[in-house]
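Worksheet for the structure shown next.
Chain identifiers are assigned alphabetically (A, B, ...) following the order of the sequence lines, protein sequences preceding nucleic acid strands; residue numbering begins at 1 within each chain.
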Amino acid sequence: MEKNKYSFLIFTCFFLLSCEKTIEFNGETKEPLLVLNSFIRADSIIMAEVSKSAFFLSSNTPALITDATVQAYSNGELIDELEHIGNGRYQLNYCPEVNEEISITAAKPGMNNINASTKIPERTNVISIDTTYLNVKETELIQYVENDQGYYDYTRVGTLYIYEILFKLKFKDPPGIRNYYRLTGKIKIANIHDGYYGGGDYYNDGNIYPDDPIFGSSSNSVWGLENETSNTYNIFSDDLIQGKEYQLKFTANAAKYDFFKEYAPDKPVHDTLFVNLQALNRDYYLYLRTLDAYWNSYGVEIFSEPVQIHSNINGGIGILGSYSDNLQVFVIK
Amino acid sequence: MKKVICVLSFLLLVAQYPIVAANYTISGYINDVKNSESLLGASVFDLLSKKGTVSNNFGFFSLTLPEGAVDLRVSYIGYSEQQIIFSLTKDTVINIQLFTSNELKEVVVTANQSELGVRGSQMGAIEIPVEQLKAVPTLLGEADILKALQLLPGVQGGTEGSAGMYVRGGGPDENLILLDGIPVYNINHMFGFFSVFNADAIKNVTLYKGSFPARFGGRLSSVIDIRMNDGDLKNYHGNVNLGLIASKFNIEGPIIKDKTSFNFSARRTYFDLLTQPLIKKLSEDANTTAGYYFYDLNAKLTHKFSDKDRLYVSAYLGDDAIYADVTQEDYEDYSQSYSNRILMDWDWGNAIAAARWNHVLNNKLFMNTTAAYTRYRFYLSMSNVVESTPPSETDGTMKIGYRSAIEDYVVKVDFDYIPNPDHDIKLGLNYTYHTFRPGVNTLQVNQNNENSINSTTGDNPIYAHETSAYIEDNFILGAYIKANIGLHYSFFHVEKKHYQSLQPRLSARFLATENLSFKAGYAYMSQHIHLLSNSSLSLPTDLWVPVTKHIVPMNSHQVSAGVFYNLKNWMDFSVEGYYKTMNNILEYKDGANFFGSAADWEDKVSMGQGWSYGVELLAQRSFGKTTGWLGYTWSKSERLFDRPDEELNFGKVFPAKFDRRHDISFVVQHKFNDRIDIAGTWVYSTGNSGTLALQNYTEATIPDTDFGYGGTIPHVSARNNYRMPAYHRFDIGINFHKKKRLGIRTWNISIYNVYNRLNPFFVYTSSDYDYLMSDYGNDQGFGSYSPGTEKKSLKQVSLFPIIPSISYTFKF
């Protein structure tokens, strides 16, 4: 009986142990390709990044290219060559306008030449933007000062108000064409460190919380396994609002500093919010969407469909996208 | 609707015409003489008038002939032909009973009389005798009808070992699998390595791949019509089978002789019982009980009220279950002890119940009425119980649960109207009330005897009404042409939205010689439900969902043509070609994954189109000492998802997931004598396609964001751009029979994957480092290592090497 039991266990292990072996890649071995990444912003200088890819079975890693010949064209006419400014980044002091078609070519001896084109989309037609203060949290503003014994004394110098603000941004989607949007938020936070008031640091992705079904992100879980659809870059298409006016809702947090009279600085100290409903061209939109999908599935690839990160570079890999801003500034007072 | 009524009226008018002559009808049932089991698709042919018919799915036949002499030949594969000569002077009821035969010479085979052979109008359909399907050697010796069907041309299995079926380029949810006419939603046990159908309970299996008769609808790619045994009306008998992973038991017999019979089959795996000592051994600190099993129960009651009325009541119940009970006891200090108990229970499976009433309205009109219930459900429960002695604040219980299901109530009525030998008209109505229960989560937390949390979250049930009606006429036009023309109408109502479609069907045959025919067919199909599935494996969390406002029904058009040849009643040959287009089919978007929640599922799929085409060759021998088939398929299946915001593969054409160019299967069985028979299978197929990123590159710096950038990301040039190594395998099984005093015992020895071919299950990229040892070692005197060159390679994971198995069967 004991013998039978062990025979069975050996058999069970034999069955359960799946076999693994190294196999030859039977496809064509690919040489590295030139990679061009660039996003053309209306009324801003042209920047591009050039690197080269690495074949997935090679031990090399993707490398920056510092000696490529990178040229920019406007509506088919050569503008100039981009200058390498370090770390594979190239720059041209030329500011294209909306509706301008920009092409970029890159060449490096021994590798395939690459090129791509993009047409800068029209700015978003923002009709109105309303704000509503939903909540306010009050906390004490404390100033810490080091005393003679090396300890810190603290003094209340005022009140910090943190507002939750609801934004209602109404815009008109142009009819007859497909349009793509991205909502960005930047916050300039007041700096009150070390008794110094004013100045401030800029943070992207600043405190913007999309609260609109058009962004399509959601999260739910089934017995602990998260099943999330995120929209990291706050992008959306006009699929559901084609040619219509639409009111976009989102919230943001920002602070106001109310100092007691004796501690009041020379100038007001407050956060500043920059809300930007950008118009993206289709390639830029698809790149962000697929890049987000890739990072969302990272680590659970075996359960996910493989992701093709969007590329529109002829002869190579990468992305040439374009966009235009429509920036709204809000100072919290 | 008007069109349907017009066609119906026309068919009935045409059908009535020949009755003007003095004709009489011979009708009745065809049964096995030993057990009265009805024989489906048996041929009844009058040699004098050259007219014939076949029995329907309940063994009923009706043949109207001119008054006078009749020379009936009744035949069925594997049975001795019976000749009945008499003078037909009035409508006559004959219940015909056939004897089984093992001798080739006794069988004057008229297989080509059947609807699937040379003389029949049906194409794109295959019927393999169940005994032949059961003899196909399989994984761990567990007879599996669906695995055997995967060996037929036009049918592809998914990944190795999976019971998934991809028929003529369609998806795994495009197969309508009917058990006694009732849909079965989950066909898999053990993540797809075994199917839910216990071969002992099955009488007949027919696979339709194209030219679908109008009586079928609701799926795009195939219909698998499985019929259960009715039960012996005369004698008690059965069998017991002991296998390596499962045991089976089957018994059937009369409750009232020649009136009421039963058939009962049960199967259960005992992997969990056998591995229990190992689990106990491995869980040293805890008291653990855990395991996995599945079981099936099939039961059928048949009652014959009279020659005109029969009642069938059948049921199927099958479940997979994973369970665990882990108790860990510990002492915090000498004054207090606590125990932590974790209980886990996963169950998923089908339940089907059906009642059918057969009524012969007159000798030309047969009616079958069915009321049925079918459901698939998945249930998960996990709980954690903490108890202390003496009681403490941490004591309490937490329980999380998840459940999902699909439930159908079905009512349908089908009529067979056979006005004369030139027409066989079928018509019917079907109503199904669907309840889709997407995932629902429950959470209960009870601490210190206070019910602190008791919540339920998830989607509400979705209710849908599906109605269909059909009419088809299988008619003969002159000496050469036979055709089945029909219409299928479907109406689907869900969440204030309804979809309807009228689906024409045609299958026609031109008989060039007695043994050679040419056939062509067309079918339009529509499908209103989808299976959300996470991977190539069949997981219990797979969820059926209905169409919505945005996700419209899938539909397909399929045309096919073929040549059928019967070589001297020795072997049947067929060559069929097909072209199929599919619209509104679904694929998961890039990066989409599915963990059993239906929430937002519409956002995770893209809608597009596909097409497939191919050629299928089949040489089949179904009787005699040596039987089997050789099948070959050349096929191509592609997808295009280019609708705005639905693009996959940059909006360009890409190969379907299981697009394979070549599939070959060779199945042979030979009976040496009453004591020994042998079966072997060899399969070859082009490797499955997969998606590999062939280049890695640097991510772009995204403007206006502080999220990470500059990392390395993969470049996938195209979906399914990589072809895995080819798949091939040889299996063999030998049966040793011996007659004992109480019955026949059989030892079966099978070897799966005889030459130990390591077939690909999936491939992945692996990174290894050549670690370099420093020269001097570290402070402790040990050599230190540092990572050296990274070596990347492609690894293949295989599931099943050579696997021998043995089983014992006693048939009484």
Side-chain angles (χ1 to χ4, degrees), chain A residues 5 8-9 12 15 18-23 25-27 30 33 35 37 39 41 49 51 53-59 61-62 178 184 186 203-205 216 218 220 222-223 225 227 229 232-233 237 239 276 288 290-291 293-294 296-297 300 302-309 311 317-319, chain B residues 274-275 277-278 380 382 400 402 439 441 534-535 588-593 595-597 599-600 603 644-645 649-650 691-707 712-713 715-716 719 722-723 725 758 761 763 765 789-799 801 803:
Chain A
K5 192 170 85 177
F8 178 79
L9 290 179
T12 304
F15 173 67
S18 56
C19 316
E20 185 178 278
K21 67 174 184 179
T22 302
I23 57 169
F25 175 67
N26 55 13
K30 303 280 185 183
L33 297 170
V35 177
N37 289 322
F39 300 104
R41 185 199 296 251
E49 298 163 333
S51 56
S53 67
F55 183 61
F56 83 114
L57 289 179
S58 83
S59 52
T61 53
R178 300 300 309 276
T184 69
K186 186 183 279 190
Y203 293 97
N204 287 311
D205 319 307
S218 67
N220 55 64
V222 175
W223 25 284
L225 285 172
N227 191 16
T229 316
T232 306
Y233 300 105
S237 73
D239 209 23
N276 191 355
L288 291 181
T290 53
L291 186 70
Y294 170 72
N296 276 327
S297 66
V300 287
I302 195 165
F303 297 109
S304 308
E305 289 298 321
V307 178
Q308 286 179 274
I309 297 170
S311 168
I317 318 174
I319 182 71
Chain B
L274 295 169
T275 53
L278 179 68
L380 176 146
M382 286 175 79
I400 57 173
Y402 169 80
N441 291 284
N534 196 54
S535 63
Y588 282 93
K589 285 181 177 168
D590 284 0
N593 55 42
F595 286 118
S597 169
D600 307 315
D603 296 332
D645 264 7
N649 196 42
F650 308 129
T691 305
L692 272 184
L694 301 182
Q695 299 282 342
N696 292 315
Y697 67 109
T698 305
E699 184 183 348
T701 305
I702 310 294
D704 307 313
T705 183
D706 291 332
F707 289 117
T712 298
I713 53 177
H715 175 63
V716 177
R719 256 198 186 205
Y722 171 71
R723 187 67 64 182
L758 296 180
F761 182 57
V763 296
T765 313
T789 315
E790 183 186 16
K791 287 177 72 177
K792 289 181 180 169
S793 57
L794 205 56
K795 299 270 187 183
Q796 173 191 296
V797 175
S798 307
L799 276 189
I803 298 178

Are side-chain heavy atoms of [X] and [Y] found at a separation under 4.5 Å?
X: A/Phe56; Y: B/Gln695; value: no
X: B/Leu694; Y: A/Phe25; value: yes
X: B/Thr712; Y: A/Thr61; value: no
X: A/Ile309; Y: B/His715; value: no
X: A/Ile23; Y: B/Val763; value: yes
X: B/Ile713; Y: A/Leu291; value: yes

What part of [X] gets within 4.5 angstrom of chain B, counting heavy atoms only: side chain, backbone, both, or neither?
X: A/Thr184; value: side chain
X: A/Glu49; value: side chain
X: A/Ser311; value: both

With rounding to the nearest 0.5 angstrom, report the [atom1] to [atom2] distance, [X] to [Y].
X: B/Ser798; Y: A/Lys21; atom1: OG; atom2: NZ; value: 6.0 Å
X: B/Leu794; Y: A/Leu57; atom1: CG; atom2: CG; value: 6.0 Å
X: B/Tyr697; Y: A/Leu33; atom1: OH; atom2: CG; value: 11.0 Å
X: A/Gln308; Y: B/Thr691; atom1: CD; atom2: OG1; value: 7.0 Å

Work out which heavy atom in [X] is nearest to a heavy atom in [Y]; give both atom names and the distance.
X: A/Tyr233; Y: B/Thr705; answer: CE2-CG2, 4.3 Å
X: B/Asp590; Y: A/Ala293; answer: O-CB, 3.6 Å
X: B/Thr698; Y: A/Val35; answer: O-CG1, 4.4 Å

Side chain, backbone, both or neither of B/Ser793 within contact of chain A (heavy atoms, under 4.5 Å): both
Toward chain A, the part of B/Arg719 with a non-hydrogen atom under 4.5 Å: both
Best-contacting candidate, A/Asp239, A/Thr22, A/Ile317, against chain B by heavy atom pairs under 4.5 angstrom: A/Ile317
Residues in side chain to side chain contact (heavy atoms under 4.5 Å, CB included) contact with A/Ser58, at least two apart in sequence or another chain: A/Ala54, A/Phe55, A/Asn60
Main-chain N/O of A/Ser53 paired to B/Asn696 side chain as donor or acceptor, under 3.5 Å: no
Residues which pass salt bridge (Lys or Arg N to Asp or Glu O under 4.0 Å) with A/Arg41, listed by chain and number, not counting sequence neighbours: A/Asp325, B/Asp704
